[in-house]
Amino acid sequence: MDLAIALDSRLPQPLHQQIYEELRRAILTGRLLPRQKIPSTRSLAKSLGISRTTVTQSYEQLLSEGYLQTIVGSGTYVCAQLPDDLLHSVPVITDEKQNASPIQLSQQGTRLTSTLFSLQTEVNTAISFRYGRPALNHFPRKLWSKLLSRHCKADLDWLDYATDFQGYLPLRVAIAHYLARARAIKCDREQIIITNGTQQALDLVMRLLVDPGDSMAMEDPGYLSARRVFLSHGVNLLPVPIDDSGLMVEKLANSDGERIRMVYVTPSHQFPTGSTLSLPRRLELLLWAQQHNALILEDDYDSEYRYGDRPIPALQGLDQSDCVIYIGTFSKVLFPSLRIGYLVVPPHLVSLFAQVKWLSDRQLPTLEQKVLAEFIADGYLESHIRKMRSLYDQRRQVLVQALNTHFGQQVTIFGENAGIHIMVKFDTHLSDETIIERAETVGVGLMSARSSYLNSWSQGEFIFGYAELDEMQIQEGIGRLAQAFN
């Protein structure tokens, strides 16, 4: 192993003493762990460009003080147990470090400090109705592995830097054809920018098209992760209420005269309520955007899953004035760790988005893009979606029936005809926190919808994801939850 040690021959301190103190500090601060092997004297002397005798002196002192131990025929290791008085040693902080000025943040960094949030660890429960996860155990892993292996062996170009900054061309071609069939989207391959999921797509849009202080509208309640991205860019975020037909477009016209630069919507399956933006509302929203020279950011995150209703074309497919930017992802239909999403942007913005995407991360892994391109082009994606749509429909029905059976008139269900989650409102005097705590005691994980609201929220609303739970788990989970309410 290599070991970085800073030596300065100009110091009055001998080199062997400098090495000794560096290694001792590394052991006490945990940089070198108990039982960890360290380089041989010969190896370390060669890497530092000094004599072996100098390194040997340092090692001998550390061995004598109980920091290191030698195992014959194996090498030199950090002692498994240090002397008791060393366990409480604290690295010395010099006056120079104590008096150092804190690093000054940029305006963007300062703004971020007011919007930072804690990344909380999810509570581990036997049955979790967390949302956003597909049924990963039904993903065709053998097929994916076969395609992955084939492309891995076929050539070596996926090891090099990509030359197409918009994303792997065959993948963009496959996505364009798929979107035309499944979502009635009008675009060609040149309008597609491959991104590292939805979050990067949102960030790219904000960086290019919205300035700090601009007014931006979004659904209320709405997608929390998107809201955090928007606020981090310093926008004035305007909440717009929704009803059974989706975003209430007339509220945009009554926004106290503020010029709204952009509207963020989830029209196919509003998050979290599950309502669908009706066709009249879609046309109304497009007309409003055209009249006010505003942009529409369409997040079509799980439009593939509709049960019983015919799909409504995406907003982008109805757009006649290039005012819609479309965001899609494969996290819900395939698997989240794939980290491949995409933007469909108006033609005049393609070059700019491609350049800014390059500044952001240069490229996505080419190998995964090649596999996904074949997966889509050969029909495997749509076959998988059809299979999962049937599976999720069964699980959705079981969840709705179980809620009605155990809670009856105490429960109202929203958005049950699409997506892989529903929103549920309980008629109860219990607080959301109490419900969550009681659910945890019976091994059920719940997520309140409160954080999705910008304005006032309604007590007792929860988001139930059901895609990754089988029918028995769903029934048992709701049964346990009913017990927790009593």
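Side-chain contact between I5 and L44 is present, with heavy atoms from C-beta onward closer than 4.5 Å. When side chains are defined from C-beta on, R172 counts as touching I194, because their heavy atoms get closer than 4.5 Å. Between I436 and S448 the shortest side-chain heavy-atom distance falls below 4.5 Å. Put simply, the side chain of L23 does not reach to within 4.5 Å of the side chain of Q61, judged on heavy atoms. Between W457 and Q459 the shortest side-chain heavy-atom distance falls below 4.5 Å. Taking 4.5 Å as the limit, every side-chain heavy atom of P134 sits out of range of all side-chain heavy atoms of F330. With contacts defined as side-chain heavy-atom distances shorter than 4.5 Å, the pair M423/Q270 does not qualify. Side-chain contact between L209 and L297: absent, with no pair of heavy atoms (C-beta onward) separated by less than 4.5 Å.
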Working note: F485 + F426, criterion ring-ring contact (aromatic ring centres under 6.0 Å, His included); need CA distance, chi angles, decisive distance, verdict. CA-CA 10 Å; F485 269 77; F426 293 102; 4.9 Å; yes
Check step by step if side chain to side chain contact (heavy atoms under 4.5 Å, CB included) holds for V205 and L295. CA-CA 11 Å; V205 170; L295 295 168; over 6 Å; no
Going through the distances and angles, do V235 and R261 end up as a side chain to side chain contact (heavy atoms under 4.5 Å, CB included)? CA-CA 10 Å; V235 301; R261 180 80 180 99; over 6 Å; no
If you apply the rule side chain to side chain contact (heavy atoms under 4.5 Å, CB included), what do you find for L364 with K357, and how did you get there? CA-CA 10 Å; L364 291 171; K357 171 64 171 57; 4.2 Å; yes
What do the steps show when you test F165 against I193 for side chain to side chain contact (heavy atoms under 4.5 Å, CB included), and what is the final call? CA-CA 8 Å; F165 306 136; I193 308 289; over 6 Å; no
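Within the 3.5 Å criterion, the main-chain N or O of Y380 finds no donor-acceptor partner in the side chain of S383. Judged by distance alone, the side chain of Q166 and the main-chain N or O of E190 form a donor-acceptor pair under 3.5 Å. Although no hydrogens or angles enter the test, the distance criterion places no donor-acceptor pair under 3.5 Å between the side chain of E298 and the main chain of V324. Of the possible donor and acceptor atoms, none in the side chain of D203 sits under 3.5 Å from a partner among the backbone N and O of M206. Checking side-chain atoms of K37 against main-chain N and O of S74 turns up a donor-acceptor pair under 3.5 Å. Judged purely by atom type and a 3.5 angstrom limit, D470 uses its side chain to pair as donor or acceptor with the backbone of M472. Side-chain atoms of S58 come within 3.5 Å of backbone N or O of H16 as a donor-acceptor pair.
Between T198 and R339, the shortest heavy-atom distance links the atoms N-NH2, 4.5 Å. In this structure, R395 and A135 approach most closely via the heavy-atom pair NH1-CB, 3.7 Å. Closest heavy-atom contact between H269 and I420: CE1-N, 4.3 Å. Looking at every heavy atom in both residues, V78 comes nearest to L33 through CB-O, 3.3 Å. Of all heavy-atom pairs between Y392 and A467, the closest is CE2-CB, 3.5 Å. Annotation for T273 and P221: closest pair CG2-CG, 3.8 Å, computed over non-hydrogen atoms.
Distance check: Q18 CD to L48 CG gives 10.5 Å after rounding to the nearest 0.5 Å. Taking OG of S331 as the start and CD of Q199 as the end, the distance is 10.0 Å to the nearest 0.5 Å. In this structure, CD in Q200 is found 8.5 Å from CG in L343, a value given to the nearest 0.5 Å. Distance check, rounded to the nearest 0.5 Å: CZ of F464 to CG of L469 gives 10.5 Å. Y466 OH to I474 CD1: the interatomic distance, rounded to the nearest 0.5 Å, is 8.5 Å. The line from CD of Q363 to CD of Q369 is 8.0 Å long, rounded to the nearest 0.5 Å.
Salt-bridge annotation for K146 and E374: absent, with no side-chain N of the basic residue lying under 4.0 Å from a carboxylate O of the acidic one. Classification of K370 and D155 as a salt-bridged pair holds, one side-chain N sitting under 4.0 Å from a carboxylate O. Taking 4.0 Å as the cut-off between side-chain N and carboxylate O, E476 and R480 count as a salt-bridged pair. Taking 4.0 Å as the cut-off between side-chain N and carboxylate O, R130 and E468 count as a salt-bridged pair.
Aromatic ring orientation, Y326 versus Y342: parallel (interplanar angle below 30°, classes split at 30° and 60°).
Side-chain N/O atoms of S351 and Q355 include a donor and acceptor closer than 3.5 Å. Judged purely by distance below 3.5 Å, without hydrogens or angles, the side chains of S268 and R183 pair a donor atom with an acceptor atom. The closest side-chain donor-acceptor pair between N236 and S215 falls under 3.5 angstrom. Using modelled atom types, one finds a donor on one side chain and an acceptor on the other under 3.5 Å when comparing T434 with S431.
For CZ of R150, the number of neighbouring non-hydrogen atoms (other residues, nucleotides, ligands) closer than 6.0 Å is greater than 12. Environment of CZ in R189: sparse, with no more than 12 heavy atoms of neighbouring residues, nucleotides or ligands closer than 6.0 Å. Atom CD of Q104 has 12 or fewer heavy atoms from other residues, nucleotides or ligands within 6.0 Å. Around CZ of R207, the count of heavy atoms belonging to other residues, nucleotides or ligands within 6.0 Å exceeds 12. The environment of NE2 in H177 is sparse: at most 12 heavy-atom neighbours from other residues, nucleotides or ligands sit within 6.0 Å.
For F462 and F129, the gap between ring centers reaches or exceeds 6.0 Å. Checked against the 6.0 Å centroid threshold, Y131 and F271 count as a close aromatic pair. Ring-centre distance between H384 and F139: below the 6.0 Å cut-off.
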